[in-house]
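Contents: one structure, followed by commentary.
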Amino acid sequence: MIQFRNVSKTYPPNVHALKNATFHIKPGEFIFLVGQSGTGKTTAVRLLIAEEKVSAGRIIVGGWDITHIPRRHVPLLRRQIGVVWQDFKLLPKKTAFENIAFALEVSGSENSRIQKIVPQVLKIVGLEDKAIRYPAQLSGGEQQRISIARALVHRPKILIADEPTGNLDAVNTREIIDILQKINEFGTTVLLVTHNRDIVNSLKKRVITLDHGIVIADQEKGRYFL
Amino acid sequence: MFLISLTRIIRFALQNFYRNIWLSIITITIIILTLFSLTSLIVINAGVSQAILTIKNKVDISIYFKNSTNESTVNPLKEKISAYTNVKEVELITASEALEKFKNNHKNDPLIQKALQELDANPLGPTLTVKAHDVNLYQQILSQLKQDKIDQLAEEIDYDDNKLVIERLEAISQKVQRLGLIISIIFAIISLLVVFNTIRIGIYTHKEEIGIMKLVGASNWFIRAPFLLEGIIYALLGNIIFWLLFYLAAGFLQPFLFAFFIDINFNLINYLVSHFLYIFGFELIIIIILNTISSFIAIGKYLKV
């Protein structure tokens, strides 16, 4: 599903965010990408959604080589990968419903389809009664669930969550992880970027560990050992 | 697909407009102020031009003939002078008309009235007043009159008195026009910068949103179009509100202005009505172009996500 082949990313003048990273994520996997702050986890995510370009190596997503993706194809790629960020990235002047609908509207979906899908994904994240609230009227956990709902509207094969629980308390963290697991059970590949030791150790899933931009471990049923 | 996107873009533009209502009000206010300075300049220029034109129209050459000269002598001269290419019109004031005019002008002066009653015959002769196409042409006309020996037939040719006034007027007119142009350019540049920055600041507040839109898969034009449309809405509303206010203000000021401009025949309301489409269209296009360029540059900066 996702292949990193000897991927390196260097920021000028001489900062190596990723060095020769190679791994392969299979369809339907739930996988952790872990490491301490500044080890290249977020860089890997940014490369996956073409927010950054690789300095060397190749990235293949669902059979599509996105290493040198033209700018005009970037929106198409982003509609196929659901992404959830630590800071939620919700549009402040749009309601929960409108935020989710927006992801469909940009791709030209019919209104009837939007009216059908948005309530469905709101139900998946358990917020069907908060559809007309603005982000500022929602708690952190609720905002993150809206952001997950938005990531799901295109029924993506891949869901990337970059520190999705970084701003949340223990209860909300548990809820978000439960939702991500549920999504994974439906068949979506989930890549969860985190440095939360407890989550990693409790789920016993595959763990890829980064340290200073280098993949230092890739274990089935791994643990957070840094 | 295109229609769906278009209706969405219009909806997003309107949503942006009223969900950021304070920003919208500020932007429109700036546009109104800009239009105020632009339109004031246009109107002041028009007023000054009209004033200069009026004063220039008052300039003429008066050829006074002796009271013994009869109209049969003067009429051919009138025809002759009318035929000069630089002459706009020649008016003949007969001796009796001249007397009437003189009586009228001094009707409150009993001494002159009495003196006139003492006279048996009309002491005044006929007069020809000559108007040129342009004030610069009077010297030329004077020399032509000399060439045709008309000055010898006349008792007096009255022009020298006006010569200095005309020269001064010309100098002032040129200065006013030059100064007006410089002030207009300075104002135009200030207005451009103010509107440009207002739009840029407006978009700067949307900086994060633009980034988010890109990250959830919006194409550049899908992000750009609502902002451009919003700019057009600002321009339209700004223009309409400005003109309503300006008309109200002009209606209120007209009596005062009328008193001030009574000699130069400048009616602000009439001027605005007759030039409305021209000024409104010109300003609307300028503001729309300005908004579009500002939005385009400002958004472009944040689209590189």
Side-chain angles (χ1 to χ4, degrees), chain A residues 42 45-46 48-53 69-95 97-114 134-136 143 146-154 156 160 162, chain B residues 1-27 201-231 233-234 295-296 298-305:
Chain A
T42 297
V45 173
R46 292 164 75 100
L48 266 173
I49 56 171
E51 215 180 323
E52 300 276 358
K53 297 226 161 181
I69 185 171
R71 284 191 83 85
R72 66 178 189 283
H73 289 161
V74 171
L76 299 176
L77 171 72
R78 290 178 182 168
R79 290 171 204 164
Q80 290 174 29
I81 304 175
V83 187
V84 177
W85 291 270
Q86 180 175 2
D87 58 355
F88 323 133
K89 293 203 190 299
L90 296 174
L91 297 165
K93 299 282 181 183
K94 289 190 189 289
T95 63
F97 187 99
E98 288 168 350
N99 260 287
I100 299 167
F102 186 78
L104 286 167
E105 285 169 330
V106 298
S107 61
S109 295
E110 298 276 344
N111 285 333
S112 55
R113 187 160 172 257
I114 294 172
Y134 287 93
Q143 289 188 52
I146 295 296
S147 136
I148 293 173
R150 178 182 61 190
L152 293 178
V153 285
H154 289 302
I160 301 170
D162 186 7
Chain B
M1 170 84 175
F2 174 74
L3 211 64
I4 290 177
S5 296
L6 190 69
T7 50
R8 273 173 198 164
I9 283 161
I10 294 171
R11 182 159 53 85
F12 289 156
L14 292 173
Q15 265 180 11
N16 261 354
F17 183 84
Y18 69 76
R19 287 185 185 171
N20 297 288
I21 191 70
W22 278 108
L23 196 68
S24 307
I25 289 172
I26 288 166
T27 311
I201 291 165
I203 286 169
Y204 181 78
T205 63
H206 293 290
K207 178 183 154 190
E208 236 174 280
E209 285 181 68
I210 292 171
I212 295 171
M213 289 172 180
K214 284 229 69 176
L215 288 174
V216 298
S219 61
N220 281 357
W221 83 269
F222 198 86
I223 296 171
R224 213 169 225 153
F227 284 109
L228 297 182
L229 194 63
E230 205 184 334
I233 295 173
Y234 288 150
S295 309
F296 216 79
I299 306 164
K301 247 172 93 180
Y302 307 123
L303 279 178
K304 292 171 192 136
V305 179

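Reminder, nothing fancy here: chain letters follow the sequence lines and each chain counts from 1.
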(message) Using a 6.0 Å cut-off, check whether atom CG of B:L3 has over 12 heavy atoms from anything other than its own residue.
(response) no
(request) Using non-hydrogen atoms and a 4.5 Å limit, figure out which bit of A:Y134 sits close to chain B: side chain, backbone, both or neither. (result) side chain
(request) Heavy-atom distances under 4.5 Å only: say whether B:R8 touches chain A with side chain, backbone, both or neither. (result) side chain
(message) Heavy-atom cut-off 4.5 Å, strictly under: side chain, backbone, both or neither for B:Q15 against chain A?
(response) side chain
(message) Please evaluate residues B:R11 and A:E98 with respect to the criterion salt bridge (Lys or Arg N to Asp or Glu O under 4.0 Å), reporting the C-alpha separation (whole Å), side-chain torsions for both, the decisive distance (0.1 Å), and the verdict.
(response) CA-CA 12 Å; B:R11 182 159 53 85; A:E98 288 168 350; 5.4 Å; no
(request) Tell me, for A:L90 versus chain B, whether the close heavy atoms (under 4.5 Å) come from the side chain, the backbone, both or neither. (result) backbone
(request) Name the option with the most non-hydrogen atom pairs under 4.5 Å to chain A; the candidates are B:N20, B:T7, B:N16. (result) B:N20
(request) Taking the side chain as every heavy atom from C-beta outward, state whether B:E230 and B:T27 have any pair of such atoms under 4.5 Å apart. (result) no
(request) Report the option among B:M213, B:E208, B:H206 that has the most heavy-atom pairs separated by less than 4.5 Å from atoms of chain A. (result) B:M213
(message) For a 4.5 angstrom cut-off between non-hydrogen side-chain atoms, does B:F227 reach B:I210?
(response) yes
(request) Between chain B and each of A:R46, A:E110, A:R72, A:K93, count heavy-atom pairs under 4.5 Å; write down the option with the most. (result) A:K93
(request) Mind listing the closest non-hydrogen atom pair of A:I114 and A:E105 along with its distance? (result) CD1-CG, 3.6 Å
